[in-house]
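Below you'll find the structure, written out as structure tokens, and then a few comments.
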Amino acid sequence: MKADIIIKNIDKLYTLKGPNRPRVKDEMRQVGLIEDGVVAIEDGKIIYVGQGQLPEDIKTDETTVIIDGRGKVVTPGLVDSHTHLVHGGSRENELAMKLKGVKYLDILAAGGGILSTVNATRNATFQELYDQAKKSLDRMLSYGVTTVEAKSGYGLDDFDTEIKQMEVAIKLGEDHPIDVISTFMGAHAIPSRYKDNPDLFVDVIKNEMIPEVAKRGLAKFCDVFCEKGVFTVEQTKDILETGKQWGLLPKVHADEIETLGGAELAAEIGCVSADHLIAASDKGIKMMAEKGVIGNLLPGTSFNLQSGKLANARKMIEEGVAVALSTDYNPGSCPTENMQLIMSFASIMLKMTPEEVLTAATINGAASLKLEEEIGSIEVGKKADIVVFDVPNFEYIIYHFGVNHTDKVIKDGKVVFSK
Ligand code: IZC
Ligand code: ZN
């Protein structure tokens with residue numbers, strides 16, 4: 001074996017070694033720390049992880065890139081498993097209203113919010129959406145993110161725009177170092193012309209859009225914004241069950257603002273993840289734990305929506321829900337690409353320990369994209385998606401918040417970002 005890249009003398013190597021499945025309870029605190037660690041990479045894959053010196057059967061030559069990990073922290077590439085990456089425009093015009101106390105759902109009900117981004121996205125060309133989303137991906141990569149989920153949902157009943165969004169996501173996944181996983185989320189808001197009969201739109205999604213998305217291989221997941229004034233629990237169930245029949249794995253925006261029973265629904269239909277859960281009921285949390293539904297928490301939205309309400313991460317972890325963390329990057333409720341900031345929010349606001357945060361942002365994020373066999377930990381055979389942070393320990397990243405601590409990012413065995 002001949003290594004393409006070696007990272008050696010790593011002060012603190014957090015491997016996240018463990019089973020390739022969502023980690024729960026105490027497992028979330030076991031981050032597989034190796035001091036004086038060494039990692040070797042060949043052909044995009046990890047071929048050795050250990051302590052001290054490399055074994056003799058791993059050869060190097062003048063083409064091998066040697067990275068010195070002295071004074072550094074190394075972790076698996078971060079996984080941002082919930083974003084609305086591809087969209088037109090931005091919504092900073094909502095800030096003044098939000099500061100006056102106007103609520104997110106009221107802005108939406110008045111035809112703004114998501115619906116204003118729908119207009120901007122419909123009016124944008126493929127290339128404009130591509131360029132805007134690429135800028136975001138570049139930023140994400142700089143923060144140590146190597147895999148990103150991207151939802152459609154700014155075309156709604158304009159199916160061509162939904163398709164355009166998913167095609168942009170897929171093309172960026174091919175062109176950009178970051179892997180982009182596409183999710184169909186036509187059920188993101190009720191389009192104006194279906195205002196008085198939303199069930200008709202649900203029928204269009206089920207009978208026309210989902211089959212086409214599946215046949216054309218445009219998405220891996222199907223998601224619904226289950227929320228008061230948006231899609232009901234019944235409608236959500238209907239859409240996600242149809243998606244399942246067509247091979248789209250179910251995810252759900254659940255109990256973000258109102259307690260509607262989204263967590264319970266996620267358990268009932270076997271969602272891969274239920275996301276947000278700020279207002280999830282205790283019963284819903286228990287049911288999710290029993291059914292193995294991942295709780296994907298997005299604390300940046302609590303911060304930005306100024307709701308004063310937080311997901312109960314401690315209860316979820318105690319009950320055995322595998323918790324993941326994501327930015328929810330979108331122009332309305334969380335305009336940031338910075339996963340490191342989200343990790344600080346998760347610890348400081350949701351009281352997750354640094355170890356739980358690291359697990360949530362790596363292997364549990366990978367599991368919430370059904371990629372836990374390939375990414376999410378630094379183990380032999382996995383993809384060489386690795387971040388080098390210029391910090392003395394992982395806690396430092398969380399504690400010293402709001403700035404970028406990334407030194408290098410390795411994606412598929414290549415250095416793709418360097419400070
Ligand atoms: O554009 O507001 N929550 N959907 C559900 C969003 C936030 C995105 C947006
Ligand atoms: Zn979202």
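Start at 1 and go down the list; that is how both ligands and their atoms are numbered. The figures that follow rest on heavy atoms only: side chains count, while hydrogens, waters and symmetry mates do not. As the structure is a prediction and not an experimental result, all values here were calculated from the model.
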Might you point out which heavy atoms bring L115 and A189 nearest each other, and give the distance in Å?
CD2-CB, 4.3 Å
Under a 4.0 angstrom heavy-atom cut-off, which atoms of ligand 1 come close to S333?
3 (N), 7 (C)
When you look at H84 and Y329, which way does the ring pair (Phe, Tyr, Trp, His ring centres under 6.0 Å) test go after all the steps?
CA-CA 6 Å; H84 303 253; Y329 170 60; 8.9 Å; no
Ligand 1 N/O within reach of D328 N/O, cut-off under 3.5 Å:
no
Would a 4.5 Å heavy-atom cut-off, applied to side chains only, mark E372 and P19 as touching?
no
Numbering as shown, the atoms of ligand 1 that approach R91 to under 4.0 Å (heavy-atom distance):
1 (O), 2 (O), 9 (C)
For a quick test of reading the model, state the closest non-hydrogen atom pair linking I398 to S347 and the distance between them.
CG2-CB, 3.5 Å
Protein residue, atom and distance nearest to atom 1 (O) of ligand 1, heavy-atom basis
Y154 OH, 2.6 Å
Hey, does H87 sit under 4.0 Å from ligand 1 if you only count heavy atoms?
no
Any idea which part of E227 is under 4.0 Å from ligand 1, heavy-atom wise: side chain, backbone, both or neither?
neither
Can you name the residues that form a salt bridge (Lys or Arg N to Asp or Glu O under 4.0 Å) with D238, not counting sequence neighbours?
K206
Taking atom types as modelled and ignoring hydrogens, do the side chains of T83 and E149 form a donor-acceptor contact shorter than 3.5 angstrom?
no
Which pairs would a plain distance check flag for residues 255-265, meaning a side-chain donor or acceptor within less than 3.5 Å of a matching protein atom at least two apart in sequence or in another chain?
| residue | atom | partner | partner atom | Å |
| --- | --- | --- | --- | --- |
| D255 | OD1 | L260 | N | 2.9 |
| D255 | OD1 | G261 | N | 3.1 |
| D255 | OD1 | G262 | N | 3.0 |
| D255 | OD2 | G262 | N | 3.2 |
| D255 | OD2 | A263 | N | 2.8 |
| E256 | OE1 | H276 | NE2 | 3.3 |
| T259 | OG1 | A279 | O | 2.7 |
| E264 | OE2 | S281 | OG | 2.6 |

Backbone or side chain, does any N or O of H253 fall under 3.5 Å from an N or O of ligand 1?
no
Can you find an N/O atom of H188 closer than 3.5 Å to an N/O atom of ligand 1?
yes
Which of the ligand 1 atoms, numbered from 1, are nearer than 4.0 Å to a heavy atom of E256
3 (N), 5 (C)
Is ligand 1 less than 4.0 angstrom away from at least one heavy atom of T117?
no
Hey, could you give me the CG/OH distance between L341 and Y143, rounded to the nearest 0.5 Å?
8.0 Å
Around the Zn ion (ligand 2), how many protein N, O or S atoms are closer than 2.8 Å?
4
Just which atoms of ligand 1 are under 4.0 Å from any heavy atom in N330?
1 (O), 2 (O), 7 (C), 8 (C), 9 (C)
Is the shortest distance from a Lys or Arg side-chain nitrogen in K72 or D11 to a carboxylate oxygen in the other one below 4.0 Å?
no
Are the ring centres of F389 and H405 closer than 6.0 Å?
no
With sequence neighbours left out, what residues match D175 under salt bridge (Lys or Arg N to Asp or Glu O under 4.0 Å)?
K171
What residue and heavy atom of the protein are closest to atom 3 (N) of ligand 1, and at what distance?
Y104 OH, 3.2 Å
Against heavy atoms of I114, which atoms of ligand 1 measure under 4.0 Å?
1 (O), 2 (O), 4 (N), 9 (C)
Cation-pi check, K164 onto F126 ring (under 6.0 Å, within 45° of axis):
no
